[in-house]
Number of protein chains: 2
Amino acid sequence: MKKFMNTAETMVAESIEGFVRAHEEFVAFGVERKCIRRRHLVPGKVAIISGGGAGHEPMHIGFVGRGMLDAACVGHIFTSPTPSQIVSAIEETDTGAGCLLVVKNYDGDVMNFEIAAEMAAGQHRIEMVLACDDIETVRAGDGRGRRGVAGTVITERLLGAAAERGASLAELKAIGDSLSPRIRSMGVALTGVTVPHTQRPTFTLGSSEIEMGVGIHGEPGYSRQPFANADTIVRRLCEAIVDDIKQATDKGLLLVNGLGGTPPAELYLAYNIVRDFLCEHDLRIERSLVGTYATSLDMQGLSVTLAFLSDEEFSLWDSPISTAALRWGC
Amino acid sequence: MKKFMNTAETMVAESIEGFVRAHEEFVAFGVERKCIRRRHLVPGKVAIISGGGAGHEPMHIGFVGRGMLDAACVGHIFTSPTPSQIVSAIEETDTGAGCLLVVKNYDGDVMNFEIAAEMAAGQHRIEMVLACDDIETVRAGDGRGRRGVAGTVITERLLGAAAERGASLAELKAIGDSLSPRIRSMGVALTGVTVPHTQRPTFTLGSSEIEMGVGIHGEPGYSRQPFANADTIVRRLCEAIVDDIKQATDKGLLLVNGLGGTPPAELYLAYNIVRDFLCEHDLRIERSLVGTYATSLDMQGLSVTLAFLSDEEFSLWDSPISTAALRWGC
């Protein structure tokens with residue numbers, strides 16, 4: 001395991017410190033470094049707060065700024081932030097209109113965000129939206145629902161844009177809940193990942209194996225399959241997504257996301273395959289995002305996310321955004 | 001070698017097709033797909049044209065658009081585009097004010113861009129600027145000068161911004177030449193890369209070795225060293241850069257660039273180390289860029305680039321840009 005790191009104990013703190021120093025026009029540390037917050041808050045705007053384990057960068061810290069998140073809380077690698085961190089983020093960013101917590105659907109994250117919401121409920125109006133776009137986890141049938149993976153980026157962006165336009169807490173909660181069945185993702189890994197603290201790979205793949213349906217915490221997927229060409233692999237992801245998604249409109253947003261170790265050239269090649277597949281199924285893509293947005297450490301792999309959006313939601317997507325990872329219109 | 005690809009013969013064409021489909025608001029294919037060009041040219045503006053082998057994405061195609069390049073020509077992997085491609089890009093983008101060719105300093109690229117410039121000279125006014133920011137190649141002492149690596153991003157951005165503001169061809173040539181001694185880069189690899197056509201790694205590293213001073217074509221560096229912690233590795237890069245660069249101002253632009261297989265979290269950790277080092281040397285960083293901009297296929301590695309710029313050049317850096325890989329202010 002060769003990584004650019006000093007010690008497993010300090011790597012998250014050092015990386016986040018670098019992030020804040022690199023982007024101080026957008027972000028700042030919160031009190032006691034419990035969260036990364038937007039440098040300039042907008043009084044009267046609902047605060048959008050997210051967070052999760054480290055190891056998924058730029059998610060969520062790279063989305064803090066105008067038009068997306070007001071704060072992000074970062075836990076240890078693949079581990080939820082603590083309730084105390086989340087309460088601190090609420091206290092720092094609620095300017096009177098309440099807070100919307102956007103939480104990826106994992107037991108630990110949901111528990112800690114719920115505890116924080118209860119702790120802060122006396123002083124703050126709080127709602128929660130679950131990001132649950134992964135299609136693999138439903139097949140597992142364990143009743144815990146879908147994981148939140150790269151589709152979380154779309155949910156957080158649309159909610160952040162709506163908040164910036166003045167949507168109320170109740171309106172934002174409704175938008176978030178309505179997005180859920182219209183966003184679906186699936187991932188594939190060519191390699192497993194090694195968590196620095198344990199020095200053990202979460203799963204190991206042979207030189208001619210791939211893992212279909214992986215999550216972003218090194219969870220194995222639903223099926224180990226023989227390595228194949230990109231057409232074969234990517235079309236399997238597309239078929240599973242199109243089978244599962246609720247096609248509410250005929251216009252999609254397509255995200256091809258790298259899991260950490262996959263270069264842009266391969267992501268664009270995969271994107272091209274997805275576009276061919278969607279054309280064959282008479283599905284139009286109105287907006288695209290191709291890059292490394294929700295990672296699983298340095299995993300070689302990618303995920304495909306499709307979201308069916310309304311014209312109003314595309315307009316939210318296009319509105320000005322200034323964050324480290326997404327920036328346009330201002 | 002597991003990559004997302006179909007065949008070695010088609011991978012570049014498929015990837016570029018995906019790129020153009022994903023970003024059609026900025027870019028379009030040129031005639032016969034010989035180049036990727038800016039969708040909306042600006043009459044009377046000097047055209048900025050670059051190019052090089054594939055395998056370095058998003059360089060250069062990701063920089064085509066307002067405020068940077070008017071066209072990029074892409075060759076086979078790690079292979080210069082042909083003179084015919086470059087001539088075609090000149091013909092499509094010269095709106096009367098001439099063309100500036102920005103060429104990374106490699107024998108093949110320089111030769112083909114020079115041939116193209118000669119072929120087009122009867123009809124077009126043409127100047128050329130060499131990108132030569134790598135410090136390793138001078139140590140080699142083979143007389144071919146410094147390679148162009150990630151610092152090329154900075155050169156192309158500043159020239160593109162100056163052209164957008166109306167600089168003449170002669171002024172742009174002067175800006176490009178003056179930047180050269182003030183931009184320096186050095187890279188390190190934790191793994192080699194395998195070129196799909198040959199199926200052979202360009203060099204092989206053991207599990208406890210690193211390669212210092214690598215280029216972006218899988219060239220080995222000047223020294224194989226034992227794997228070490230990030231502080232040790234990154235500080236060695238910084239020392240070499242600070243020893244070599246011409247410190248024209250006291251304000252720097254810092255680029256920490258991933259070589260293809262390195263996740264954002266590790267790049268930010270490295271960035272933090274560079275900032276500490278530069279603070280200790282009383283060097284101020286005014287602008288930062290951290291991400292994957294100039295790759296060597298899926299190499300696990302990174303490079304550090306430092307550029308000393310004037311206030312006027314920082315203002316060019318900040319001016320509006322709309323490309324796939326860099327976007328702000330519009």
Side-chain angles (χ1 to χ4, degrees), chain A residues 2-7 11-12 14-19 21-23 54-55 57-58 62 190-191 205 207-208 210 227 229-231 233-234 254 256 260-273 275 285 288-292 295 297-300 302 322 324-325 327-330, chain B residues 2-7 11-12 14-19 21-23 54-55 57-58 62 190-191 205 207-208 210 227 229-231 233-234 254 256 260-273 275 285 288-292 295 297-300 302 322 324-325 327-330:
Chain A
K2 284 190 282 189
K3 294 183 200 290
F4 293 103
M5 57 180 274
N6 289 311
T7 70
M11 68 179 291
V12 173
E14 291 175 69
S15 176
I16 294 177
E17 185 172 87
F19 175 84
R21 290 168 95 173
H23 302 292
E57 292 74 18
L190 306 187
T191 59
L205 288 171
S207 65
S208 58
I210 62 172
F227 179 61
N229 67 24
D231 271 337
I233 296 171
V234 174
L254 172 58
V256 174
T262 304
E266 294 179 44
L267 298 179
Y268 281 113
L269 191 145
Y271 174 89
N272 201 42
I273 297 167
R275 285 295 297 267
I285 292 302
S288 298
L289 192 61
V290 183
T292 297
T295 58
L297 293 171
D298 53 1
M299 178 178 275
Q300 212 190 330
L302 60 81
S322 279
R327 196 169 168 190
W328 57 72
C330 57
Chain B
K2 283 190 283 190
K3 295 184 198 289
F4 292 103
M5 58 180 274
N6 290 310
T7 69
M11 68 180 291
V12 174
E14 291 175 69
S15 177
I16 293 177
E17 185 172 87
F19 174 84
R21 290 168 94 173
H23 301 293
E57 293 73 19
L190 306 187
T191 59
L205 288 172
S207 65
S208 58
I210 62 173
F227 180 60
N229 67 23
D231 271 337
I233 296 171
V234 174
L254 171 58
V256 174
T262 304
E266 294 179 44
L267 298 179
Y268 280 114
L269 190 145
Y271 174 90
N272 201 42
I273 296 166
R275 285 295 296 267
I285 292 303
S288 298
L289 192 62
V290 184
T292 297
T295 59
L297 293 172
D298 52 0
M299 179 179 274
Q300 211 189 331
L302 60 80
S322 279
R327 196 169 167 191
W328 58 72
C330 55

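Nothing here was measured: the structure is a model prediction, and the numbers come from that model. Note on naming: letters A, B, ... go to the chains in the order of the sequence lines (proteins, then strands), and numbering restarts at 1 for each one. Note that these values count all heavy atoms, side chains included, but never hydrogens, waters or copies made by symmetry.
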What distance do [X] atom [atom1] and [Y] atom [atom2] have between them, rounded to the nearest 0.5 Å?
X	Y	atom1	atom2	result
A/Glu266	B/Lys2	CD	NZ	12.0 Å
B/Ser322	B/Trp328	OG	CH2	11.0 Å
A/Leu205	A/Thr191	CG	OG1	7.0 Å
A/Met5	B/Ile233	CE	CD1	11.0 Å
B/Leu302	B/Tyr271	CG	OH	14.0 Å
B/Glu57	B/Thr292	CD	OG1	12.0 Å

With a 4.5 Å cut-off on heavy-atom pairs, point out which of [options] contacts chain B the most.
options	answer
A/Gly260, A/Ser208, A/Ala54	A/Gly260
A/Ser288, A/Ala324, A/Ala230	A/Ala230
A/His23, A/Arg21, A/Glu17, A/Met299	A/Arg21

If you count heavy-atom pairs within less than 4.5 Å of chain A, which of [options] leads?
options	result
B/Ile210, B/Val12, B/Asp298	B/Asp298
B/Cys330, B/Gly291, B/Gly55	B/Cys330
B/Thr295, B/Leu267, B/Asn229, B/Leu289	B/Asn229

Side chain, backbone, both or neither: which part of [X] has a heavy atom under 4.5 Å from chain B?
X	value
A/Thr262	both
A/Met11	both
A/Leu254	neither
A/Leu190	both

Measure B/Ala270 against the heavy atoms of chain A and call it side chain, backbone, both or neither at under 4.5 Å.
->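 Neither part; nothing is under 4.5 Å.
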What part of B/Phe227 gets closer than 4.5 Å to chain A, counting heavy atoms only: side chain, backbone, both or neither?
->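 The side chain, not the backbone.
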Just checking, any donor-acceptor pair under 3.5 angstrom between side chains of B/Asn272 and A/Glu14?
->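 There is no such pair between these side chains.
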